[in-house]
Amino acid sequence: MIWKSSEQCGQCLGDLAVAALIDEVELTPKPGLVDLQSSGSHKDMKVVLMIASARSLYDSFEAMGYAAYGGEPNQELRETLACIGRDGEQNMLHTTGGINTHRGAIWALGLLIAGAAICGNGDAPEQIAEAAGTLARFTDRHALVPTSNGTKAMQTYGVKGARGEAMNGFPHVVKVGLPVLQDSRRSKISEKHARLNALLAIMANLDDTCLIHRGGMETLLVVQQDAQKVLDLGGASSVAGWEALQRLDQDLVMRHVSPGGSADLLAATLFVDRLSNISLHHMGTEGGVYNGKAYTSL
Ligand SMILES: CC(C)(COP(=O)(O)OP(=O)(O)OC[C@H]1O[C@@H](n2cnc3c(N)ncnc32)[C@H](O)[C@@H]1O)[C@@H](O)C(=O)NCCC(=O)NCCS
Ligand SMILES: Nc1ncnc2c1ncn2[C@@H]1O[C@H](COP(=O)(O)OP(=O)(O)OP(=O)(O)O)[C@@H](O)[C@H]1O
């Protein structure tokens, strides 16, 4: 176990999850999404709102880590997390005046926090994602009947959406986002370009119900192809790739669509990446410091 107690586990994972959300929103320029330069295709969101929303979620993320520490994936834990997650959504909506800034992110990060707290082993993203997936496969008997945009897209087009991604153990995090992030870093490009490449790779592969809801299946396919094109041109760090990225951004804004699900899974990727770093570089056998707080390993 990296953490000595459930309190320490909750605090550490809460810090990492909020930091990952802030990393995601501050990454600029993201196609169609809120970032430091613009609100993309969103008339109702700005970067300061996204950051306030991310911070408002700390208590919920901490509570999820605390609840799952050293436990196992079972129905009881699934329902406890669902209850904390729903409270988190209410906090978010209270902070944002009713705007959905991080609904999908609470879902993905919440389950991955629980997976990490169960495994207690920060450097194994596949294990963490699998534990998160096992949890997602338990039924939440208190769930409300879903009437969301994503549910409508799932019913109309048969895509699996945020639930399917989680139930399958977050393949777009562990098999797409994380490997592209790590490969890009190995090629010695900047961290910003590496993160943009990870986002583009997720966009090129994900059936994002945010895109489907606003633009239909045709828009989803165009966006997937155009994101792949940026990568084929050499990615965000190449001149041709950068220009194609600008065009993709303009096209998404013109279509009023945004890859919100991909943004959530980038945040999830950055979360598991931060977790690996904390266990590899900050904990060692004597413990260490992360985000200004001391953590002691066993
Ligand atoms: C399952 C969730 C996402 C709700 O699903 P629902 O169908 O109502 O929402 P919807 O499909 O619209 O998706 C919500 C968000 O997921 C993101 N998303 C979209 N597509 C995808 C995708 N393919 N993969 C991952 N995320 C995606 C987007 O940001 C979207 O806005 C979740 O909010 C939920 O059920 N919460 C209840 C609380 C809970 O059980 N929490 C568990 C512990 S955290
Ligand atoms: N940087 C970001 N910019 C915009 N959206 C993001 C960002 N990061 C994550 N998201 C995700 O995108 C989703 C918001 O998408 P959208 O505005 O389409 O929401 P909606 O309420 O489902 O739909 P609509 O606004 O079309 O009714 C949120 O659930 C959020 O998790």
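Source: prediction; values computed, not measured. Counting starts at 1 for both ligands and their atoms, following the listed order.
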J.: Using a strict threshold of under 4.0 Å (side-chain N to carboxylate O), is an ion pair present between Lys229 and Asp232?
T.: no
J.: Ignoring hydrogens and angles, tell me if any N or O in the side chain of Gln8 forms a donor-acceptor pair with the backbone of Lys4 under 3.5 Å.
T.: yes
J.: Number the atoms of ligand 1 from 1 as they appear, then name those within less than 4.0 Å of a heavy atom of Gly261, with their elements.
T.: 17 (C), 18 (N), 19 (C), 27 (C), 28 (C), 29 (O)
J.: Taking the side chain as every heavy atom from C-beta outward, state whether Ile189 and Asn197 have any pair of such atoms under 4.5 Å apart.
T.: yes
J.: Is it true that Glu24 and Lys30 make a salt bridge, defined as a side-chain N closer than 4.0 Å to a carboxylate O?
T.: yes
J.: Under 4.0 Å from a heavy atom of Cys210: give me the atoms of ligand 1 that qualify, with their elements.
T.: 28 (C), 29 (O), 30 (C), 31 (O)
J.: Check Ile106 against ligand 1 and report side chain, backbone, both or neither, counting heavy atoms closer than 4.0 Å.
T.: backbone
J.: Under 4.0 Å from a heavy atom of Asp208: give me the atoms of ligand 1 that qualify, with their elements.
T.: 19 (C), 20 (N)
J.: In terms of residue, atom name and distance, what is the protein heavy atom nearest to atom 22 (O) of ligand 2?
T.: Asn149 ND2, 3.2 Å
J.: Return the residue, atom name and 0.1 Å-rounded distance of the protein heavy atom closest to atom 19 (O) of ligand 2.
T.: Asn100 ND2, 3.5 Å
J.: Check ligand 1 against Gly110 and write out every atom of the ligand that is under 4.0 Å from a heavy-atom position of the residue.
T.: 44 (S)
J.: Going by heavy atoms in the side chains, are Ser276 and Pro125 under 4.5 Å from each other?
T.: yes
J.: Listed by chain and number, what are the side chain to side chain donor-acceptor pair (under 3.5 Å) partners of Arg55, not counting sequence neighbours?
T.: none
J.: So if I count the atoms of ligand 1 from 1 in the order they appear, which ones are less than 4.0 Å from some heavy atom of Leu81?
T.: 43 (C)
J.: Against heavy atoms of His42, which atoms of ligand 2 measure under 4.0 Å?
T.: 4 (C), 5 (N), 15 (O), 16 (P), 17 (O)
J.: Given that the side chain starts at C-beta and the backbone is N, CA, C, O, which of these parts of Met64 lies under 4.0 Å from ligand 1, counting heavy atoms, or is it both or neither?
T.: side chain
J.: Considering only heavy atoms of Ala82, which atoms of ligand 1 have at least one such atom less than 4.0 Å away?
T.: 38 (C), 39 (C), 40 (O), 41 (N), 42 (C)
J.: Pull out every atom of ligand 1 sitting under 4.0 Å from any heavy atom of Gly260, numbered as shown with elements.
T.: 29 (O)
J.: Examine Met45 against ligand 2 and note whether any of their N/O atoms are separated by less than 3.5 Å.
T.: no
J.: In sequence, state the C-alpha distance, the side-chain angles, and the governing distance for Val222 and Arg255, and then conclude on side-chain contact (heavy atoms from CB on, under 4.5 Å).
T.: CA-CA 11 Å; Val222 170; Arg255 290 173 186 262; 3.6 Å; yes
J.: Would you mind checking which non-hydrogen protein atom is closest to atom 8 (N) of ligand 2, with the distance to 0.1 Å?
T.: Glu24 OE1, 2.9 Å
J.: Answer whether the closest heavy-atom distance between the side chains of Val230 and Trp242 falls below 4.5 Å.
T.: no
J.: Which of the numbered atoms in ligand 2 are under 4.0 angstrom from any heavy atom belonging to Ala263?
T.: 7 (C), 8 (N), 9 (C)
J.: Nearest to atom 26 (O) of ligand 2, what protein heavy atom do you find, and at what distance?
T.: Arg214 NE, 2.9 Å
J.: So Gln90 and His94, do their side chains get closer than 4.5 Å, heavy atoms only?
T.: no
J.: Could a heavy atom of Glu89 be found less than 4.0 Å from some atom of ligand 1?
T.: yes
J.: Which is closest to atom 2 (C) of ligand 2 in terms of heavy atoms, His102, Arg103, Met50?
T.: Met50
J.: Do Ile118 and Leu135 come close enough that some side-chain heavy atom pair is under 4.5 Å?
T.: yes
J.: Between the side chain of Asp140 and the main-chain N/O of His142, is any donor-acceptor distance below 3.5 Å?
T.: yes
J.: How far is atom 6 (C) of ligand 2 from the closest protein heavy atom, and which atom is that?
T.: Leu33 CD2, 3.9 Å
J.: Is any N or O atom of Thr209, backbone or side chain, closer than 3.5 Å to an N or O atom of ligand 1?
T.: yes
J.: Identify the two heavy atoms, one from Gly261 and one from Asp208, that lie closest to each other, and give their separation to 0.1 Å.
T.: N-OD2, 3.0 Å
J.: Which residue owns the protein heavy atom closest to atom 9 (C) of ligand 2, what's the atom, and how far is it?
T.: Asp264 OD1, 3.1 Å
J.: Charged N to carboxylate O under 4.0 angstrom, Arg185 versus Asp273?
T.: yes
J.: Looking only at heavy atoms, is any part of Leu206 under 4.0 Å from ligand 1, and if so is it the side chain, the backbone, or both, or is it neither?
T.: side chain
J.: So which heavy atom in the protein is nearest atom 28 (C) of ligand 2, and how far is it from that ligand atom?
T.: Thr101 O, 3.5 Å
J.: Using side-chain heavy atoms (C-beta onward) and a distance below 4.5 Å, is Phe170 in contact with Glu126?
T.: no
J.: Can you check which of Ala162, Gly85, Ala105, Ala166 brings a heavy atom nearest to atom 25 (C) of ligand 1?
T.: Ala162
J.: May I ask whether Arg78 places a heavy atom under 4.0 Å from ligand 1?
T.: yes
J.: Tell me whether Ser38 contacts the main-chain N or O of Gly40 through its side chain, where contact means a donor paired with an acceptor under 3.5 Å.
T.: yes
J.: Got the closest protein heavy atom to atom 12 (O) of ligand 2, with its distance?
T.: Gly260 CA, 3.2 Å
J.: Give the atom numbers and elements of ligand 2 that come within less than 4.0 Å of a heavy atom of Lys30.
T.: 1 (N)
J.: Is there a side-chain contact between Leu206 and Glu165 in this structure, where contact means two heavy atoms from C-beta onward sitting under 4.5 Å apart?
T.: yes
J.: Considering only heavy atoms, does Asp264 approach ligand 1 within less than 4.0 Å through its side chain, its backbone, both, or neither?
T.: side chain
J.: Show me which atoms of ligand 2 lie under 4.0 Å from any heavy atom of Gly104.
T.: 29 (O), 31 (O)
J.: Just so I know, are the side chains of Ser258 and His42 near enough to count as touching, which here means a heavy-atom distance under 4.5 Å?
T.: yes
